[in-house]
Asks: 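Let me give you the structure first, and then I'll get to my questions.
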Amino acid sequence: MTTKSQSFDSHTRWFALYHFFASPVTGLYAIYALVQFLRNPQLSEFFAVLFIWAVFAGILASRLMAITVQNRLIRLEMRLRLKELLPANLQPRITELRVKQLIALRFAGDAELPGLVERTLKGEFASGKDIKRAITDWQPDFLRA
């Protein structure tokens with residue numbers, strides 16, 4: 001476990017292999033292959049385009065699947081956490097929170113979480129970013145996909 005701090009400004013996770021290598025390299029090559037096919041429309045060029053676009057789509061799909069599973073786990077984790085921390089009058093409203101709101105609320109410390117949930121349910125925040133900006137006791141999450 002790391003001892004680095006985290007805040008709203010530094011919480012974005014960049015996965016170098018995906019964000020700076022696999023995705024941009026295959027994306028650039030997909031564009032290059034398409035241009036080559038348009039310049040020289042042959043069957044071999046068509047299959048090169050088809051193949052690299054399939055690889056590119058597979059890389060993007062794998063990222064989306066990982067994020068989907070992560071979001072489902074965050075939803076479960078936050079619902080369990082909220083059942084422990086919210087006052088009785090707010091517990092029946094846990095299911096009203098959208099996944100994006102739960103994802104944002106997970107960074108809040110236990111003491112401020114009930115107040116932020118109440119404000120979220122009242123519609124005070126337009127987005128998850130607004131919720132994150134309102135957090136004063138930031139709890140880092142270094143185990144994200």
Side-chain angles (χ1 to χ4, degrees), residues 1-38 41 45-145:
M1 182 147 234
T2 183
T3 58
K4 294 188 300 186
S5 66
Q6 195 178 79
S7 68
F8 174 78
D9 294 327
S10 67
H11 80 285
T12 302
R13 173 135 186 318
W14 296 100
F15 183 55
L17 184 60
Y18 173 79
H19 287 102
F20 303 116
F21 182 68
S23 184
V25 168
T26 55
L28 287 172
Y29 189 74
I31 293 167
Y32 170 78
L34 182 60
V35 169
Q36 290 302 106
F37 172 70
L38 294 174
E45 296 294 333
F46 171 76
F47 281 111
V49 169
L50 187 62
F51 177 75
I52 191 59
W53 280 93
V55 170
F56 187 53
I59 288 171
L60 292 176
S62 67
R63 178 73 178 156
L64 291 173
M65 287 185 280
I67 290 172
T68 299
V69 171
Q70 172 184 266
N71 291 348
R72 289 185 70 182
L73 288 171
I74 290 169
R75 182 183 63 186
L76 174 62
E77 175 187 5
M78 285 303 297
R79 285 180 175 178
L80 292 171
R81 186 175 168 212
L82 291 172
K83 282 184 181 187
E84 290 181 11
L85 296 174
L86 291 183
N89 65 317
L90 286 179
Q91 287 186 13
R93 299 193 63 198
I94 291 172
T95 58
E96 294 176 35
L97 295 166
R98 295 184 313 272
V99 173
K100 289 189 181 275
Q101 292 170 323
L102 291 168
I103 289 168
L105 288 164
R106 82 182 190 279
F107 293 107
D110 290 352
E112 72 177 323
L113 187 58
L116 286 170
V117 168
E118 190 167 13
R119 291 175 63 194
T120 301
L121 290 169
K122 287 180 181 177
E124 287 186 33
F125 303 113
S127 69
K129 283 188 176 184
D130 292 335
I131 295 170
K132 290 177 192 177
R133 284 188 189 102
I135 295 171
T136 57
D137 179 23
W138 192 275
Q139 301 301 304
D141 179 4
F142 297 107
L143 298 175
R144 297 193 320 255

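Positions are given from 1 along the sequence.
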Asks: Check whether any side-chain heavy atom of Leu113 lies under 4.5 Å from a side-chain heavy atom of Met78, and answer yes or no.
Replies: yes
Asks: What are the two closest heavy atoms between Arg81 and Asp110, and how far apart are they?
Replies: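 For Arg81 versus Asp110, the nearest heavy atoms are NH2-OD1, 2.9 Å.
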Asks: Provide the closest heavy-atom pair for Leu86 versus Pro114 in the form atom of the first, atom of the second, distance.
Replies: CD2-CA, 3.6 Å
Asks: Are any side-chain N or O atoms of Arg63 and backbone N or O atoms of Leu60, one a donor and one an acceptor, separated by less than 3.5 Å?
Replies: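 It does not hold such a pair.
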Asks: Side chains of residues 21-38: which donor-acceptor pairs under 3.5 Å do they make with residues two or more places apart or in other chains?
Replies:
| unit_1 | atom_1 | unit_2 | atom_2 | d |
| --- | --- | --- | --- | --- |
| Thr26 | OG1 | Ala22 | O | 2.7 |
| Thr26 | OG1 | Ser23 | O | 3.3 |

Asks: Which atoms form the tightest heavy-atom contact between Lys132 and Trp138, and what is the distance?
Replies: O-CZ3, 3.5 Å
Asks: Starting at CD1 of Ile59, measure out to OH of Tyr18 and round the result to the nearest 0.5 Å.
Replies: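 The distance works out to 8.0 Å.
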Asks: Do Leu82 and Leu97 make a side-chain contact, defined as non-hydrogen atoms from C-beta onward lying under 4.5 Å apart?
Replies: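 Of all side-chain heavy-atom pairs linking Leu97 with Leu82, at least one is under 4.5 Å.
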Asks: Check salt bridge (charged side-chain N to carboxylate O under 4.0 Å, His left out) between Glu118 and all other residues, then give those that pass, not counting sequence neighbours.
Replies: none
Asks: Supply the atom-to-atom distance Leu76 CG to Asn71 CG, rounded to the nearest 0.5 angstrom.
Replies: 12.5 Å
Asks: Considering residues at least two apart in sequence or located in another chain, which fulfil the salt bridge (charged side-chain N to carboxylate O under 4.0 Å, His left out) criterion with Arg119?
Replies: Glu124
Asks: Do any pairs count as a side-chain hydrogen bond (donor to acceptor under 3.5 Å, both in side chains) and have a residue in residues 84-103, sequence neighbours left out, and if so which ones?
Replies: Arg93-Glu96
Asks: Should Gln70 and Ile74 count as side-chain neighbours, where that means a heavy-atom distance under 4.5 Å?
Replies: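 Yes, at least one pair of side-chain atoms sits under 4.5 Å.
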Asks: Could you pull out all residues at least two apart from Arg133 that satisfy salt bridge (charged side-chain N to carboxylate O under 4.0 Å, His left out)?
Replies: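 Applying salt bridge (charged side-chain N to carboxylate O under 4.0 Å, His left out) to Arg133 gives Asp130.
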Asks: Mind checking salt bridge (charged side-chain N to carboxylate O under 4.0 Å, His left out) for Arg79 and listing every partner two or more places apart, or none if nothing turns up?
Replies: none
Asks: Using side-chain hydrogen bond (donor to acceptor under 3.5 Å, both in side chains), reason through Gln139 and Asp137 one step at a time and then give a plain yes or no.
Replies: CA-CA 6 Å; Gln139 301 301 304; Asp137 179 23; 3.0 Å; yes
Asks: To the closest 0.5 Å, what do you measure between OG1 (Thr120) and CD1 (Ile131)?
Replies: 4.0 Å
Asks: When rounded to the nearest 0.5 angstrom, what is the spacing between OG1 in Thr68 and CG in Leu73?
Replies: 11.0 Å
Asks: What are the two closest non-hydrogen atoms of Ile135 and Ala104, and how far apart are they?
Replies: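 Of all heavy-atom pairs spanning Ile135 and Ala104, the closest is CD1-O, 3.6 Å.
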